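Single-structure report; data block below.
Just so it is clear, the structure is predicted and the values come from calculations on it, not from any experiment. The chain is numbered in sequence order, starting from 1. Atoms within a ligand are numbered from 1 in the order they appear, just like the ligands themselves.
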Amino acid sequence: MTDRFDPRPEHKFTFGLWTVGNPGRDAFGLPTRAPIAPPEIVALLADCGAYGVNLHDEDLIPFGSSAAERDRIVADFKQALADHGLRVPMATTNLFTQPVFKDGAFTSNDPAVRAYALQKTAAAIELGVELGAETYVFWGGREGTESNASKDHCESIKRFREAINWLTHYCVDRGYDLKFALEAKPNEPRCDIYLPTTGAMLGFIATLDHPDRVGVNPEVAHEVMAGLDFSHALAQAWEAGKLFHVDLNDQLGPRYDQDLRFGSANPKAAFWTVRFLESCGYQGMRHFDAHAYRSEDLDGVRDFAKGCMRTYVILKERAAAFDADPEVRDLLGEIRADDGSQADVLGVYSKEKADLLARRSFDVDRLGSKGLQLERLDQLAIEHLLGAR
Ligand code: GLT
Ligand code: MN
Ligand code: MN
């Protein structure tokens with residue numbers, strides 16, 4: 001069955017090899033699905049209506065492969081991309097699976113580990129560029145601590161900065177027009193990870209050698225783990241000109257990272273997310289960093305991938321209907337109205353404005369007692385979300 005909610009390449013939906021390829025292993029159980037070879041993942045995603053596929057170096061090229069094996073694997077993968085019309089818009093480095101990174105990569109206390117992490121990332125950047133990626137993600141899952149005695153935290157931030165600077169200089173040197181997108185997560189696999197939120201990443205970016213080349217990759221689950229509102233994180237990143245990529249999934253509250261099917265846990269939050277992405281002018285990829293339940297076989301993985309995309313398309317339609325609803329428009333017009341009465345003191349500071357403001361009186365009782373109709377507005381959103389309008 002096909003309908004108007006079916007995903008199409010122009011929606012710019014992407015998945016990581018590690019997402020649909022997730023074999024269902026968890027902390028307590030063995031894999032429940034057979035691994036899917038990367039060219040088969042390409043075929044599956046194309047069949048489901050995706051635009052592209054993203055990867056870590058090790059998702060495609062098993063750790064320890066020889067140069068000849070690497071070249072053969074990359075050639076086969078490129079053939080699959082060409083056969084199925086899929087792109088690789090984003091690439092990243094696995095700096096977390098191998099034991100060498102057990103106490104961090106760029107922030108390890110051991111200079112040999114830090115240097116090796118740079119070497120591995122430079123090689124993975126070469127792979128990403130070869131595959132045509134325009135965005136390079138950094139998720140520092142191991143950059144943190146179990147025991148706070150182990151690292152000097154200020155030194156860790158300096159080391160992380162030094163590594164990102166090293167790598168933007170590397171790209172400039174090689175003439176690569178690759179945007180870096182930093183992905184925050186508050187905890188897991190470390191007890192606590194450095195730069196734990198999108199907001200923290202934005203502060204950090206301002207301290208880099210090439211801040212223009214570096215933005216963020218906010219992930220739904222990771223902000224929810226920190227107890228935050230994802231659409232607010234998106235908006236702050238967008239307003240700063242730093243929304244280079246987005247990881248869509250879902251998460252049931254602050255617990256271990258669940259990476260659930262997009263919109264499956266908190267459809268209302270997903271509604272605000274889609275509404276924001278579709279109205280702000282974001283032109284980038286809608287990447288799903290999620291995986292199917294352990295209960296699923298290959299058909300279930302397909303259902304999962306289609307489900308992420310269909311939910312996005314449905315919410316896009318619901319959000320547009322909400323914003324076009326005359327009742328919503330009238331109400332928002334009232335709620336957000338500015339009668340211009342304070343224009344002489346608001347806006348850019350001046351000494352004259354400060355003097356004027358000091359003499360102004362406000363009816364704070366009236367301002368404080370006025371009903372704002374937010375219940376009515378929110379119920380309208382719920383009714384659109386539930387398909388009742
Ligand atoms: C890992 C992590 C994700 C990151 C990926 C990129 S790997 O699955 O949990 O959130 O986006 O390194
Ligand atoms: Mn996650
Ligand atoms: Mn992610």
side-chain contact (heavy atoms from CB on, under 4.5 Å) between Leu60 and Ile73, worked out: CA-CA 7 Å; Leu60 182 63; Ile73 292 168; 3.8 Å; yes
Pair Asp212 + Lys242: basic N to acidic O under 4.0 Å: no
With heavy-atom distances below 4.5 Å as the criterion, would you say the side chains of Met201 and Thr198 are in contact? no
Are any of the side-chain heavy atoms of Phe15 and Asn54 separated by less than 4.5 Å? no
Show me the short polar-atom pairs for ligand 1: any N or O of it lying under 3.5 Å from a protein N or O, with distances only.
| unit_1 | atom_1 | unit_2 | atom_2 | d |
| --- | --- | --- | --- | --- |
| ligand 1 | 8 (O) | Trp18 | NE1 | 3.4 |
| ligand 1 | 10 (O) | Glu183 | OE2 | 2.7 |
| ligand 1 | 10 (O) | Glu219 | OE1 | 2.8 |
| ligand 1 | 10 (O) | His222 | NE2 | 3.4 |
| ligand 1 | 10 (O) | Asp289 | OD2 | 2.8 |
| ligand 1 | 11 (O) | Glu183 | OE1 | 2.6 |
| ligand 1 | 11 (O) | Glu183 | OE2 | 2.8 |
| ligand 1 | 11 (O) | Asp247 | OD2 | 3.0 |
| ligand 1 | 11 (O) | Asp289 | OD2 | 2.8 |
| ligand 1 | 12 (O) | His56 | NE2 | 2.7 |

Looking only at heavy atoms, the pair that brings Leu332 and Arg275 closest together is CD1-NH2, 4.2 Å
What N/O/S atom of Asp257 is the closest to the Mn ion (ligand 2)? OD2
side-chain contact (heavy atoms from CB on, under 4.5 Å), that's the test. Do Asp250 and Asp259 meet it? Break it down for me. CA-CA 6 Å; Asp250 217 342; Asp259 297 331; over 6 Å; no
Evaluate the ring planes of Tyr282 and Trp238, with Trp represented by its six-membered ring, and classify them as parallel (under 30°), tilted (30 to 60°) or perpendicular (over 60°). perpendicular
Mind telling me whether Phe160 and Phe106 have parallel, tilted or perpendicular rings, with 30° and 60° as the class edges? tilted
Suppose the cut-off is 2.8 Å; which protein N/O/S atoms would you list for the Mn ion (ligand 3)? Glu183 OE2, Glu219 OE1, Asp247 OD2, Asp289 OD2
Kindly work out whether a path of hydrophobic side-chain contacts (I/L/V/M/F/W/Y, heavy atoms less than 4.5 Å apart) joins Ile193 to Phe138. no
In short, Thr135 meets Ala181 closest at the heavy-atom pair CG2-CB, 3.9 Å
